Amino acid sequence: MSGNLEQLQEILRETDGVLVAFSGGVDSTFLLKVAHMVLGARAVALTTSSPTAPPGELQAAEELAETIGCRHITIPSHELENPSFAQNPVNRCYFCKDELYRICRRQADQLGVETVVDGTNLDDLKDHRPGLKAAKEWRVRHPLVEAQMRKEEIRHWSHALALPTWDKPAIACLSSRIPYGIEINMERLEKIGACERFLQELQFKQFRVRYHGELVRIEVAAEEIDRLMEPATREAIVRKFKEIGFTFVSLDLQGYRSGSMNEALSKRIAK
């Protein structure tokens, strides 16, 4: 396992410097930490601010970059203004990542940094990831893939490096809560974000709030379902979600799973 970390360090050391597309998630935080260890001030983090980001993630990224001691640049992104993104096609993530990597490449050029990197890991290559096409077009490297690092190993080394993200749940943009083909707009993102913020306040750890028009579908980790179903908690969630604007509040008995909106897509492809 240590060989992969050494390989990652060598990959980064061979660059003149890197600009890290930094979300504050497990993977990009680990990558930024190692890049800063190897390159010092020649490792720069860039985070885009967007209404599609889950509540609190921009602030978390800012705090993590400060803890690591790395220069951190924040730039607004405008993928929501792109009809190709807002119409929510099955390759929606391509347009989001195209906007992100365009910003990263432009900023890297201004800084004189040749290499843009992101936190894509080996496990990510198994999923529906249209954003990888955008990464290739903008010449974004995936050092964690190059070093053959998987999520489990990244969490292991994050813990060893005392990164607070070592056990952080997976994060994804709020757009992923809306079924393909249903328009993404500010009203829907704000409603989803408000619901997820409330679940954060109730100390749920791993969850998603999925948008289905008047109905909202809650996914929480299987081990958290019993707590959600406690009468006081359940009633508080129903009351709050209806205040936010949903008519029906449902619980997905299958529990949280990453990319559940892709399940319907997989069935369509199978047909």
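Everything quoted here is computed from the prediction, not taken from an experiment.
- We find the CD-OH distance between E137 and Y101 to be 11.5 Å, quoted to the nearest 0.5 Å.
- With respect to the salt-bridge test (charged N to carboxylate O, under 4.0 angstrom), the residues K151 and D27 qualify.
- Salt-bridge annotation for R13 and E10: present, with a side-chain N of the basic residue lying under 4.0 Å from a carboxylate O of the acidic one.
- Heavy-atom neighbours of E114 CD from other residues, nucleotides or ligands within 6.0 Å: at or below the threshold of 12.
- At most 12 non-hydrogen atoms from other residues, nucleotides or ligands lie less than 6.0 angstrom from CZ of R71.
- When each of R217, R208, R210 is paired with D252, the salt bridge (charged side-chain N to carboxylate O under 4.0 Å, His left out) condition holds for R217 and for no other.
- A donor and an acceptor atom, one from each side chain of E153 and N4, are located under 3.5 Å apart.
- A donor-acceptor pair is defined here as one N or O able to donate and one able to accept, closer than 3.5 Å; no such pair exists between the side chain of E196 and the backbone of P55.
- Between the E57 side chain and the G24 main chain, no donor and acceptor come within less than 3.5 Å of each other.
- Atom CD of E66 has 12 or fewer neighbouring heavy atoms from other residues, nucleotides or ligands inside a 6.0 Å radius.
- By the 30° and 60° cut-offs, the orientation of the rings of H159 relative to W166 is perpendicular.
- A side-chain donor-acceptor contact under 3.5 Å links S250 to the backbone of V216.
- For Q59, the CD atom counts as loosely surrounded, since its 6.0 Å shell holds 12 or fewer non-hydrogen atoms of other residues, nucleotides or ligands.
- Without hydrogens or angle criteria, R188 side chain to E183 main chain gives a donor-acceptor distance under 3.5 Å.
- Using a 4.0 Å cut-off between charged side-chain N and carboxylate O, E201 and R197 make no salt bridge.
- Residues forming a salt bridge (charged side-chain N to carboxylate O under 4.0 Å, His left out) with D118 (at least two apart in sequence, or on another chain): none.
- Looking only at distances, a side-chain donor or acceptor of T47 sits under 3.5 Å from a matching main-chain atom of F22.
- Looking only at distances, a side-chain donor or acceptor of S28 sits under 3.5 Å from a matching main-chain atom of S23.
- In this structure, CZ in F85 is found 4.0 Å from CD1 in I184, a value given to the nearest 0.5 Å.
- A salt bridge between E79 and R102 is absent, with no side-chain N of the basic residue lying under 4.0 Å from a carboxylate O of the acidic one.
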